[in-house]
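In what follows, a single structure is set out as structure tokens and then discussed.
The structure presented is a predicted model; accordingly, all values stated were derived computationally and were not measured. Atoms considered below: every heavy atom in the structure, side chains included; atoms not considered: hydrogens, waters and symmetry mates. Letters A, B, ... mirror the listed sequences (proteins, then strands); counts begin at 1.
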There are 2 protein chains.
Amino acid sequence: MKLKDQNTESTILEAARFIFMEKGLYGARMQDIANKAGINKALLHYYFRNKERLFDEVFGGALSRYFKNMDIISDESISIKERILTYSDRFIKFLSDYPQMSIFLIKEISSNEELFHAKVKGLKKNEKQSILNVLIEGIQSGEIPDQDPVIFLMNLQSLCAYPFVASPIFNAICQNSGIQWTDEQHAKLLYSVHEFIHFKLSKSDL
Amino acid sequence: MKLKDQNTESTILEAARFIFMEKGLYGARMQDIANKAGINKALLHYYFRNKERLFDEVFGGALSRYFKNMDIISDESISIKERILTYSDRFIKFLSDYPQMSIFLIKEISSNEELFHAKVKGLKKNEKQSILNVLIEGIQSGEIPDQDPVIFLMNLQSLCAYPFVASPIFNAICQNSGIQWTDEQHAKLLYSVHEFIHFKLSKSDL
DNA sequence: ACTTTTGTTAACCATTTGGTTAAACCATGA
DNA sequence: TCATGGTTTAACCAAATGGTTAACAAAAGT
């Protein structure tokens, strides 16, 4: 009976992820999730005691995947600049795979900052070697040009993430000009991010 | 009776703005808005027929302010690069004044794209001279270097807006390193955006 | 003064929604 | 085969919530 168990549980999680992503914690209805999963609503409560817990499962999963994917800059066998390039690649790849993820995170975190902070602490245990620390070390050792690492990181994440976060807005803004923000643009986006990294991390002035 | 009228109406709108900003359309409760405004719940329905209309008022107001503020790039008496610089300044200034605005827009637009598109059409009537068109013309006339204008605009908006959108996330990410994203950073942010504009819009290779 | 219009409220209603219960279902091992 | 225990469901419940009503208060018009 464990197979069936596993099955419905993951089915529920998938449905919940879909609905929560679209509607957020408040907007999502347990009935919608049940319908999406093709099961009775009571079964949701059988597997996950209540809405809060079900949401935590989805939310925690999303965050976990997010951080796991960003855990690459720890590889000290390659140069910092290469690591940053890879970091941005994977970041954009991740967001391409889960386009609603960033919107979802923004939504939920902004309306429930406490819960988020708690969750983060639980998931980011081993990441002493964060990208920020890598940048700081790189600047101190002179491997990359001197600059404000927080601003650089913010700029980098902005260039990568905002296109996904704001694609609905951007489409609306662009549509007057007959231009759309489509998936084709991702390659170009990647290129422009790389260009930015080269611009900020190259020691050309030696 | 017009004074009193005006008063409560704006009081309600203010309260509604506050609550809607924080909770979104679904999360906001009419009772919360009434409490915040210090009036009876029924009065909300007296001034604004229902939740939807009240929300529309707030939402429309936010969008209107947003677009009005971005309507500056039409001034052809100054160079395109200068206009873009001013554009980014005002954009960041606007977001500094209304920090939750972008999160609010992201939230609502992502979960109700149709409504947004309709609203936008009503508000962006005279903006044939959009920033995108300015960029395209500038590239054609050779005033600014040849590049993909959509990517440039997206990059620009990313650098400006994402720090506000993602400040909750970013704080959580940074707090391990003991660094915070505070208001002090806005000046630095502005500088980095200007640097980016100079990088992308200067015809240094002549 | 008194009638009419506008503003405001308490009490109420219908629906939605998260959550519970008790019974049915069904695979498995004795 | 039938007892057992995990799984699933229909029916139900209580609270929350958007919205309405009817009565009252306060201006404004006459």
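Rounded to a whole Å, the CD atom of B:Glu9 is 11 Å from the P atom of C:dT8. At whole-Å resolution of the value, OH in B:Tyr47 and C1' in D:dG19 are 18 Å apart. What separates CD of B:Glu52 from C1' of D:dT17 is a distance of 15 Å, to the nearest Å. Atom C1' of nucleotide D:dT7 and atom NE2 of A:His45 are separated by 16 Å, given to the nearest angstrom. Here the P atom of nucleotide C:dT9 and the NZ atom of B:Lys41 are 13 Å apart, to the nearest Å. For the pair B:Leu43 CG and C:dT6 C1', the computed distance is 11 Å after rounding to whole Å. The separation between B:Asn7 atom CG and D:dA26 atom C1' is 16 Å, rounded to whole Å. Taking atom CZ of residue B:Phe48 and atom C1' of nucleotide C:dG7, one finds them 14 Å apart after rounding to whole Å.
Counting atom types as modelled, A:Lys51 pairs no side-chain N or O with a base atom of C:dG19 as donor and acceptor under 3.5 Å.
Taking the six-membered ring for Trp and thresholds of 30 and 60 degrees, A:Phe152 and A:Phe196 have nearly parallel ring planes, at less than 30 degrees apart. Ring-plane geometry between A:Tyr162 and B:Tyr162 is classed as perpendicular, the angle between the planes exceeding 60 degrees on a 0 to 90 degree scale with a lower cut at 30. Taking the six-membered ring where tryptophan is involved, the planes of A:Phe91 and A:Tyr87 are tilted, since the angle between them lies from 30° to 60°.
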Evaluate B:His198 against B:Glu195 for side chain to side chain contact (heavy atoms under 4.5 Å, CB included), listing each step before the verdict. CA-CA 5 Å; B:His198 287 303; B:Glu195 191 183 49; 5.7 Å; no
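In this structure, A:Asn40 reaches the bases: a heavy-atom distance under 4.0 Å links it to at least one base atom across the strands shown. No contact: A:Leu44 has no heavy atom under 4.0 Å from any strand.
Within 6.0 Å of CZ on B:Phe199 lie more than 12 heavy atoms contributed by other residues, nucleotides or ligands. In the displayed structure, A:Lys81 atom NZ is contacted under 6.0 Å by more than 12 heavy atoms of other residues, nucleotides or ligands.
Distances shorter than 4.0 Å separate some side-chain N or O of A:Tyr46 from OP1 or OP2 on D:dT7. Listed pair A:Thr8 / D:dT7 fails the phosphate criterion, with no side-chain N or O lying under 4.0 Å from OP1 or OP2.
Within residues 27-37 of chain A, no residue has any heavy atom closer than 4.0 Å to DNA chain D.
Put simply, the side chain of B:Lys51 gets close to the backbone of B:Leu25: a donor and an acceptor are under 3.5 Å apart.
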